[in-house]
Novice: 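Sharing a structure below in structure tokens format, with a few things to ask.
What you see is a predicted model; the values in this text were computed from it and never measured. Just so it is clear, the values below take in all heavy atoms, side chains as well, and ignore hydrogens, waters and symmetry mates.
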Amino acid sequence: QWVDTLTTTANDRSAANALSTNERNTLLFLQSEAYARLHRDEQALAALREVLKTDRRNARAHSLIALHLYERDEALLHLGTALIHGADDETALAVGADLAEREGDKATALERLARLLRLRPNDRDLQVHRAKLLLDLGRRAAARHQLDSIRAAAGDEAAEQLLPLYHRLR
């Protein structure tokens, strides 16, 4: 029901005109996320494309479109646009790392993840993902350093999550 409310508010011309571009885009992002959770991908994409009608350079919209698309070339085009217009946009970097890893380009994924970690240095999930990529790339010393720093910061709390990665170092 709340998805319908978002849809009505975002698409109602009189209500949409009363909203700023940022407010309208926020509603459209929420609408897109709701549709994605309901597995209504075409409607999720349509909401994101609505954002681009008023904000063609919106890195977050381009990134999320790239994430939802199954057509590789169009996804990469949107991702490239996102990274050009939002070089430090967290969504663009996260989606870029994910798509690069799916393409088998772990070095690019690692580079984008490193840029994302500069924006979110205390994000343990990102740190663990970086350690996994380092191991995949055979950079064992850097992976060990990353794992040791996670363990030092998180203590026993992270032990269970890190144990499989330490085993890969053997």
Side-chain angles (χ1 to χ4, degrees), residues 1-3 6 25-45 47-48 51 58-72 74-170:
Q1 181 179 1
W2 60 275
V3 176
L6 286 173
N25 288 351
T26 298
L27 282 176
L28 289 166
F29 283 125
L30 289 169
Q31 180 185 14
S32 175
E33 184 177 339
Y35 281 134
R37 288 175 187 237
L38 295 170
H39 305 289
R40 293 164 63 181
D41 294 338
E42 288 304 315
Q43 289 165 302
L45 282 169
L48 294 169
V51 171
N58 190 297
R60 183 175 178 206
H62 280 290
S63 300
L64 293 172
I65 288 171
L67 187 63
H68 286 294
L69 287 173
Y70 298 107
E71 208 291 304
R72 177 186 178 275
E74 187 180 356
L76 293 176
L77 178 67
H78 278 283
L79 177 63
T81 302
L83 291 169
I84 287 170
H85 297 298
D88 288 330
D89 181 81
E90 290 183 17
T91 304
L93 291 170
V95 170
D98 182 60
L99 291 179
E101 191 171 2
R102 279 195 245 166
E103 289 280 316
D105 186 354
K106 293 184 186 222
T108 298
L110 181 63
E111 181 268 325
R112 289 178 180 155
L113 202 59
R115 287 171 50 199
L116 186 56
L117 272 166
R118 284 193 287 277
L119 299 172
R120 298 189 334 221
N122 298 320
D123 188 323
R124 189 168 75 212
D125 290 334
L126 288 179
Q127 294 169 349
V128 169
H129 192 172
R130 179 177 184 268
K132 287 177 186 175
L133 285 173
L134 287 166
L135 283 168
D136 290 347
L137 291 168
R139 296 175 53 189
R140 299 167 62 75
R144 177 175 295 284
H145 178 73
Q146 179 72 64
L147 292 170
D148 290 345
S149 68
I150 296 168
R151 192 177 75 206
D156 292 339
E157 180 184 322
E160 186 177 324
Q161 186 180 22
L162 301 180
L163 189 60
L165 297 174
Y166 273 112
H167 282 292
R168 285 182 58 189
L169 284 171
R170 292 182 176 177

Novice: Taking E90 for the side chain and R60 for the main chain, is one N or O donor matched with an acceptor at less than 3.5 Å?
Specialist: no
Novice: To the nearest 0.5 Å, what is the distance between CZ on R120 and CG on N122?
Specialist: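 Here the rounded value is 11.0 Å.
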Novice: Distance from L147 atom CG to Q127 atom CD, nearest 0.5 Å?
Specialist: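 Rounded to the nearest 0.5 Å, the CG-CD separation comes to 10.0 Å.
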Novice: Please give me the minimum heavy-atom distance between A131 and A143, naming the atom from each residue.
Specialist: O-CB, 3.9 Å
Novice: Would you mind reporting whether F29 and E33 have side-chain heavy atoms less than 4.5 Å apart?
Specialist: no
Novice: Checking T81 side chain against L77 main chain: does a donor-acceptor pair fall under 3.5 Å?
Specialist: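 Yes, because the side chain of T81 sits within donor-acceptor range (under 3.5 Å) of the backbone of L77.
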Novice: Could you tell me whether the side chain of R124 reaches within less than 4.5 Å of the side chain of E157, counting heavy atoms only?
Specialist: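 Sidechains of R124 and E157: in contact.
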Novice: For residues R115 and R118, determine if any side-chain heavy atom of one lies less than 4.5 Å from a side-chain heavy atom of the other.
Specialist: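 R115 reaches R118 side chain to side chain.
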Novice: Do R130 and L126 have side chains that get closer than 4.5 Å, going by heavy atoms?
Specialist: no
Novice: Is the shortest heavy-atom distance from the side chain of D136 to the side chain of R168 under 4.5 Å?
Specialist: yes
Novice: Closest approach of S63 and D89, non-hydrogen atoms and distance?
Specialist: OG-OD2, 4.3 Å
Novice: Any idea which heavy atoms bring V51 and L28 closest together, and the distance?
Specialist: CG2-CB, 3.6 Å
Novice: So, for A92 and A82, which heavy atoms are closest and what is the spacing to 0.1 Å?
Specialist: CB-CB, 4.0 Å
Novice: Starting at CZ of R144, measure out to CZ of R151 and round the result to the nearest 0.5 Å.
Specialist: 8.5 Å
Novice: Can you find a pair of side-chain heavy atoms, one from R139 and one from L110, that are under 4.5 Å apart?
Specialist: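 The answer is yes, as the side chains (C-beta and beyond) meet within the 4.5 Å cut-off.
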Novice: Can we say R102 and D98 salt-bridge, meaning some charged N sits less than 4.0 Å from an Asp/Glu carboxylate O?
Specialist: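 Salt bridge flag = yes for D98 with R102.
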Novice: Is there a side-chain contact between L64 and L45 in this structure, where contact means two heavy atoms from C-beta onward sitting under 4.5 Å apart?
Specialist: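 No, too far: nothing below the 4.5 Å cut-off.
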Novice: Would you say that I150 contacts Q161 through its side chain, given a criterion of any heavy-atom pair below 4.5 Å between the two side chains?
Specialist: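 Side chain of I150 against side chain of Q161, heavy atoms only: no contact under 4.5 Å found.
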Novice: In Å and rounded to the nearest 0.5 Å, what is the OG to CZ distance from S32 to R40?
Specialist: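 Interatomic distance, S32 OG to R40 CZ, rounded to 0.5 Å: 12.0 Å.
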Novice: Drop me the distance from L99's CG to R72's CZ, to the nearest 0.5 angstrom.
Specialist: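 Going from CG on L99 over to CZ on R72, the span is 10.0 Å.
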